[in-house]
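Written out below as structure tokens is the structure these notes cover.
Naming convention: chains lettered A, B, ... in sequence-line order (proteins, then strands); numbering from 1 in each chain. Keep in mind that this is a model prediction, so the values were computed, not measured.
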Amino acid sequence: MPISGFPEWLPAQRMIEQRVIDRIRSTFELYGFAPLETRSVEPLDTLLSKGETSKEVYLLHRLQGSEDEKSEDQLGLHFDLTVPFARFVVENAGKLQFPFRRYQIQKVWRGERPQEGRYREFLQADIDVVNRESLPFHYDTEMPLVIGDALSGLPIPQARILVNNRKVCEGFYRGLGLTDTDQVLRTVDKLDKIGAAKTRQLLIETAGATEAQAAACLELAAISADDGSFVDAVRKLGVSDPLLDEGLDELLRVVETAREHAPGLVVADLKIARGLDYYTGTVYETQLRGYERFGSICSGGRYDNLASSGKERFPGVGISIGVSRMLGVLFGKQALTVSRSVPTAVLVALPHEDQRVACDRIAGALRRRGIPTEVAPAAAKFGKQIQYADRRGIPYVWFPGEPDTVKDIRSGEQVDADVTAWQPPDADLHPSISGEPR
RNA sequence: GUGGUCGUAGCUCAGCUGGUAGAGCACCGGGUUGUGGUCCCGGGGGUCGCGGGUUCAAGUCCCGUCGAUCACCCCA
């Protein structure tokens, strides 16, 4: 029986997942991020002190453990990769070179109610850069480019990274005279769901806004642009505040850098506010075109205060691809398929059981040349053996003989072949993933 | 964690106001004496998610539970 929120894929889907991970990993390394894996558990205090206030953390305890463990002794499964990473950096600061760029591809756990693309155990692929004391802003501009590069190499719908900056919102709200900027942010965040009228009402009721202030907040939230024009649009609203200026300047740099290196990838969208509450500046959120209703498949942001030890601070910026969420959503729409359900490229047919040794020899020779090969399970009729391959999508069946022949079962074409020379086309060597149903 | 909808064969589904389960596809075998996919014939397969209750009788009604999904919450 399945357990709610803990998905298990079939081999075909796992192959797709592995291909996706391969692509993400190689891209991360292409940009010089170093691999890291942290333990799955953290002290509960570490998890909770970093803003995760809800009870969605899974606790770990031994069956034979004592009932009255203190909370500082309790272990919880990590719910993201950023908090463990921050802890790791503080702990190992003396052994790391800064700025430190690392990637981490691991499972994380959250006790939320599952839905399509929302799980309790899921895989994240995360990159972060941290530095001592202060982190140059250009890293904030780099994050979307890495993600855009990784995702654009996959047969999935185009990604659109929505970017905002908390300084813009907070500065704007402050400039308006609103003091509870967090509450304003939380309310504005619901705009898409509850609509402008209700948002306006809530701003007045819960954030102490006047009609005019609420209207201004909505006007800010409505601004979205894939170029620098959003800056003028904000200025036209006539609010001024130093933090607002700083935020606009930063956001502009993200948008302009993306326009230079990856046109169409990034959009400044001043209503996005989400992410964990440790974010202090830039925030990212990513949609796949045509899949907007499934929410963000990749998000992150700048955190200036997450990691610190004594007087030392380690500000960072990072972004994380929700691999399981992205795949779950695409699987649900049958928008990702793989060319076969096994890695095998060649099935060696078995004429008689007493020829298994010879067939194993053929398979060995092919494998030594990097061709994934298996020998037929039984000396059934050749029709059955071909069917065995066909069911699994194995493209070639090898017939031992004088001479050996190999058949492309898709075309039916069968040619003489030599184990020391025959080579399938590169496209057939390994399963390939595509965006179209098979 | 809260609320709604749904849960019949591997898959898609049918099963009227309760009367002890059915189709198509898939699968297996044969026609086809060792090179598949078409066609024809035949066959296997279901504790009706699970548990309890009401009833002479429950796939069908009631309660609980598990799972899927949607909304809230929150977020990958």
Side-chain angles (χ1 to χ4, degrees), chain A residues 1-8 10 20 24 51-57 78-82 104-126 147 151 159 161 186 189-190 192-194 272-279 283-288 291 293-301 318-332 334 347-353 355 376 378-401 405-415:
Chain A
M1 279 298 282
I3 298 175
S4 187
F6 293 78
E8 296 182 303
L10 291 168
V20 168
I24 291 170
E52 188 47 52
T53 51
S54 69
K55 359 55 199 151
E56 62 179 35
V57 173
H78 57 220
F79 56 84
D80 74 1
L81 299 176
T82 309
Q104 221 171 312
I105 300 174
Q106 286 180 245
K107 289 278 179 66
V108 305
W109 295 266
R110 292 183 194 175
E112 283 298 322
R113 185 76 117 219
Q115 288 179 23
E116 183 161 56
R118 303 186 51 179
Y119 306 108
R120 290 178 161 178
E121 176 181 70
F122 57 97
L123 190 68
Q124 281 196 327
D126 193 294
I147 298 302
L151 297 183
I161 302 180
R186 272 196 296 277
D189 187 41
K190 297 180 180 172
D192 275 346
K193 282 186 178 166
I194 65 178
I272 80 146
R274 314 163 92 181
L276 288 322
D277 48 12
Y278 47 66
Y279 295 130
V283 288
Y284 314 99
E285 187 167 304
T286 309
Q287 301 173 336
L288 294 183
Y291 291 79
R293 82 172 188 87
F294 291 100
S296 177
I297 53 105
C298 172
S299 73
I319 188 164
S320 190
I321 301 173
V323 178
S324 305
R325 180 197 196 72
M326 182 172 83
L327 293 178
V329 164
L330 293 172
F331 288 162
Q334 270 125 36
L347 176 76
V348 179
L350 183 64
H352 287 286
E353 194 55 43
Q355 286 179 52
K381 292 183 186 176
F382 282 149
K384 290 268 178 280
Q385 300 195 35
I386 292 172
Q387 223 173 56
Y388 176 96
D390 190 41
R391 295 256 163 84
R392 293 162 177 73
I394 299 169
Y396 297 97
V397 176
W398 189 281
F399 293 95
T405 57
V406 65
K407 174 177 184 138
D408 179 336
I409 66 172
R410 296 157 302 185
S411 64
E413 187 190 2
Q414 188 164 344
V415 297

Note to self: Distance check, C1' atoms only: B:G29 and B:C13, in whole angstrom units.
What the structure shows: 27 Å

Next item on the list: Give one of base, sugar-phosphate or nothing for A:Ala380, where a contact means two heavy atoms less than 4.0 Å apart.
Entry: base

Notebook entry, point to check: Do we get A:Arg110 above A:Tyr119's six-membered ring, with its NZ or CZ under 6.0 Å from the centre and within 45° of the axis?
Noted result: no

Next item on the list: Assign A:Tyr388 to base, sugar-phosphate, or nothing according to its heavy-atom contacts below 4.0 angstrom with the strands shown.
Entry: nothing

Check: With no angle test and no hydrogens, is the base of B:C72 tied to the side chain of A:Arg113 by a donor-acceptor pair under 3.5 Å?
Finding: no

Notebook entry, point to check: Under the 3.5 Å rule, do the base of B:A71 and the side chain of A:Gln115 count as making a donor-acceptor pair?
Noted result: yes

Next item on the list: Please work out if A:Gly117 contacts a base, only the sugar-phosphate, or nothing of the nucleic acid, heavy-atom cut-off 4.0 Å.
Entry: base

Notebook entry, point to check: Has the side chain of A:Arg118 got a donor or acceptor that lies under 3.5 Å from a partner of the other kind on the base of B:A76?
Noted result: no

Notebook entry, point to check: Does A:Gln385 get its side chain close enough to the base of B:U35, under 3.5 Å, for a donor-acceptor pair?
Noted result: no

Next item on the list: Kindly confirm whether the side-chain ring of A:Phe382 is stacked on the base of B:G36, judged by centres under 5.5 Å and planes under 30°.
Entry: no

Next item on the list: Could you check whether A:Lys107 gets within reach of a base, just the sugar-phosphate, or nothing at all, counting any heavy atom under 4.0 Å?
Entry: nothing

Check: 5'-most contact on RNA chain B: A:Ile3 or A:Phe294, nearest heavy atom basis?
Finding: A:Ile3

Notebook entry, point to check: Between the base of B:G37 and the side chain of A:Asp390, is there any donor-acceptor pair under 3.5 Å?
Noted result: no

Next item on the list: Using the six-membered ring of A:Tyr388, assess whether NZ or CZ of A:Arg391 lies under 6.0 Å from its centre and within 45 degrees of the ring axis.
Entry: no

Next item on the list: Could you check whether A:Ala389 gets within reach of a base, just the sugar-phosphate, or nothing at all, counting any heavy atom under 4.0 Å?
Entry: nothing

Next item on the list: Could you tell me whether a side-chain N or O of A:Arg325 sits under 3.5 Å from a main-chain N or O of A:Gly117, the two making a donor and an acceptor?
Entry: yes

